Amino acid sequence: MSWPCCRRSRGVDVGHLTDAAIALGPLLEEAARPDRGGVTTFLGLVRNHQDGRTVLRLEYSAYLPMAEAETDRIIAEAAARWPARVVVRHRVGALVIGDIAVAVVAAAAHRAEAFEACRYVIEELKRRVPVWKKEFYADGTIEWVDPTARPARVERT
Amino acid sequence: MPVRVLLFAAYRDAAGREVIDLPLPAPATVAEVLRQLKLAVPGAGALPERPLVAVNQVHARLESPVADGDELALLPPLAGG
């Protein structure tokens with residue numbers, strides 16, 4: 001199923017999902033307001049390893065209309081709990097190591113609400129927003145990432 | 001009644017299809033749609049017993065009702081962020 005990616009107005013992304021590189025500056029501007037003195041940012045970057053394997057690149061895909069709607073719902077939940085403005089961008093398409101995969105910017109009057117709203121939104125996003133990640137490994141294999149099937153973490157002493 | 005089933009990521013690869021329109025007797029539940037899908041589409045047999053599901057772009061449960069014209073999505077384990 002393909003949907004037009006992504007929500008745009010006059011060539012500029014206005015949805016939460018984007019196939020263009022994420023730049024932090026515009027997101028900070030979008031969240032800023034003179035009465036918001038505390039701003040927290042979470043950035044998820046493409047990592048070069050997963051479960052001991054070397055990752056070369058990856059591709060994100062999404063159920064776009066639901067991903068937009070679910071992100072709207074999560075942001076609304078955060079706004080109901082904290083007096084914070086939260087801006088989210090999540091990439092779809094092909095990414096390389098170090099690219100920003102997801103950005104969450106939360107702005108509030110003070111830092112406590114900004115930290116809490118930011119944490120809430122990234123955790124709920126990972127749990128609820130329909131996005132999938134296909135990883136391309138150095139050994140030539142390609143896999144859809146299944147976070148629920150990861151081997152148990154070995155405690156290091 | 002017609003129900004549109006969407007498959008994504010690993011489930012789409014397994015079934016070899018991403019959109020499947022299934023005729024179903026009303027009323028139905030998500031579980032019933034899943035059962036019919038596995039009968040109708042050979043590759044869908046590999047789908048788990050209890051996948052994540054969404055009805056009309058809202059997370060739902062296997063027991064959730066499915067109505068005429070609904071869009072049912074089967075969601076592999078989410079991996080965003």
Side-chain angles (χ1 to χ4, degrees), chain A residues 1-3 16-18 22 42-47 50-51 55 58-74 88-92 95 100-104 118-119 121-135 142-150, chain B residues 2-24 29-30 33-34 36-38 40-41 43-67 69-81:
Chain A
M1 192 78 182
S2 63
W3 293 273
H16 308 300
L17 287 98
T18 177
I22 295 172
F42 173 79
L43 297 180
L45 307 186
V46 177
R47 193 173 42 224
Q50 186 67 58
D51 298 329
V55 176
L58 56 79
E59 287 175 9
Y60 278 109
S61 61
Y63 178 13
L64 282 168
M66 180 175 169
E68 291 285 355
E70 193 69 19
T71 306
D72 279 341
R73 289 189 277 268
I74 293 167
V88 173
R89 289 291 185 285
H90 197 299
R91 279 292 303 276
V92 289
L95 280 75
I100 299 176
V102 63
V104 179
C118 186
R119 183 71 191 259
V121 168
I122 185 62
E123 298 299 339
E124 291 300 298
L125 181 153
K126 290 182 78 82
R127 202 170 68 79
R128 291 159 52 184
V129 174
V131 172
W132 299 279
K133 177 162 69 171
K134 185 189 265 186
E135 287 182 332
I142 301 168
E143 278 177 24
W144 290 106
V145 174
D146 177 358
T148 64
R150 293 230 171 104
Chain B
V3 171
R4 172 157 287 192
V5 181
L6 304 182
L7 300 174
F8 294 92
Y11 295 172
R12 180 190 58 210
D13 291 352
R17 308 262 298 271
E18 57 185 355
V19 183
I20 297 151
D21 291 312
L22 280 180
L24 283 165
T29 61
V30 170
V33 178
L34 188 60
Q36 293 293 337
L37 179 78
K38 289 186 177 205
V41 179
L47 267 52
E49 288 293 307
R50 304 187 62 84
L52 279 180
V53 297
V55 175
N56 298 332
Q57 304 173 10
V58 176
H59 285 291
R61 305 162 57 85
L62 289 181
E63 303 75 28
S64 301
V66 177
D70 276 354
E71 179 178 288
L72 171 64
L74 302 180
L75 312 175
L78 308 182

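Letters A, B, ... are given to chains in the order of the sequence lines, protein chains preceding strands, and every chain is numbered from 1. This is a predicted model, so every value here is computed, not measured. Values reported hereafter were calculated over all heavy atoms of this structure, with side chains retained and with hydrogens, waters and symmetry mates removed.
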> Which residues in residues 44-54 of chain B have any heavy atom lying under 4.5 Å from a heavy atom of chain A?
Replying inline: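 Residues of residues 44-54 of chain B touching chain A at under 4.5 Å: A54(B).
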
> Taking only heavy atoms into account, what residues of residues 74-81 of chain B are found under 4.5 Å from chain A?
Replying inline: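 The residues closer than 4.5 Å to chain A, in numerical order, are L75(B), P76(B), P77(B), L78(B), A79(B), G80(B), G81(B).
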
> Would one find more than 12 heavy atoms of other residues, nucleotides or ligands at under 6.0 Å from atom CZ of R73(A)?
Replying inline: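 More than 12 heavy atoms, drawn from other residues, nucleotides or ligands, come within 6.0 Å of this atom.
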
>> With heavy-atom distances below 4.5 Å as the criterion, would you say the side chains of H59(B) and E70(A) are in contact?
In response: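 The answer is yes, as the side chains (C-beta and beyond) meet within the 4.5 Å cut-off.
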
>> Between A69(A), A101(A), G44(A), P130(A), who has the most heavy-atom pairs with chain B when the cutoff is under 4.5 Å?
In response: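 Max contact count across the listed options: P130(A).
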
> What part of R127(A) lies closer than 4.5 angstrom to a heavy atom of chain B: side chain, backbone, both or neither?
Replying inline: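 Looking at R127(A), just its backbone touches chain B.
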
> Is it the backbone or the side chain of V102(A) that comes under 4.5 Å from a heavy atom of chain B, or both, or neither?
Replying inline: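 Just its side chain gets close to chain B.
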
>> If I take atom CZ from residue R12(B) and atom CH2 from residue W132(A), how far apart are they, to the nearest 0.5 angstrom?
In response: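 So the CZ of R12(B) and the CH2 of W132(A) are separated by 9.0 Å.
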
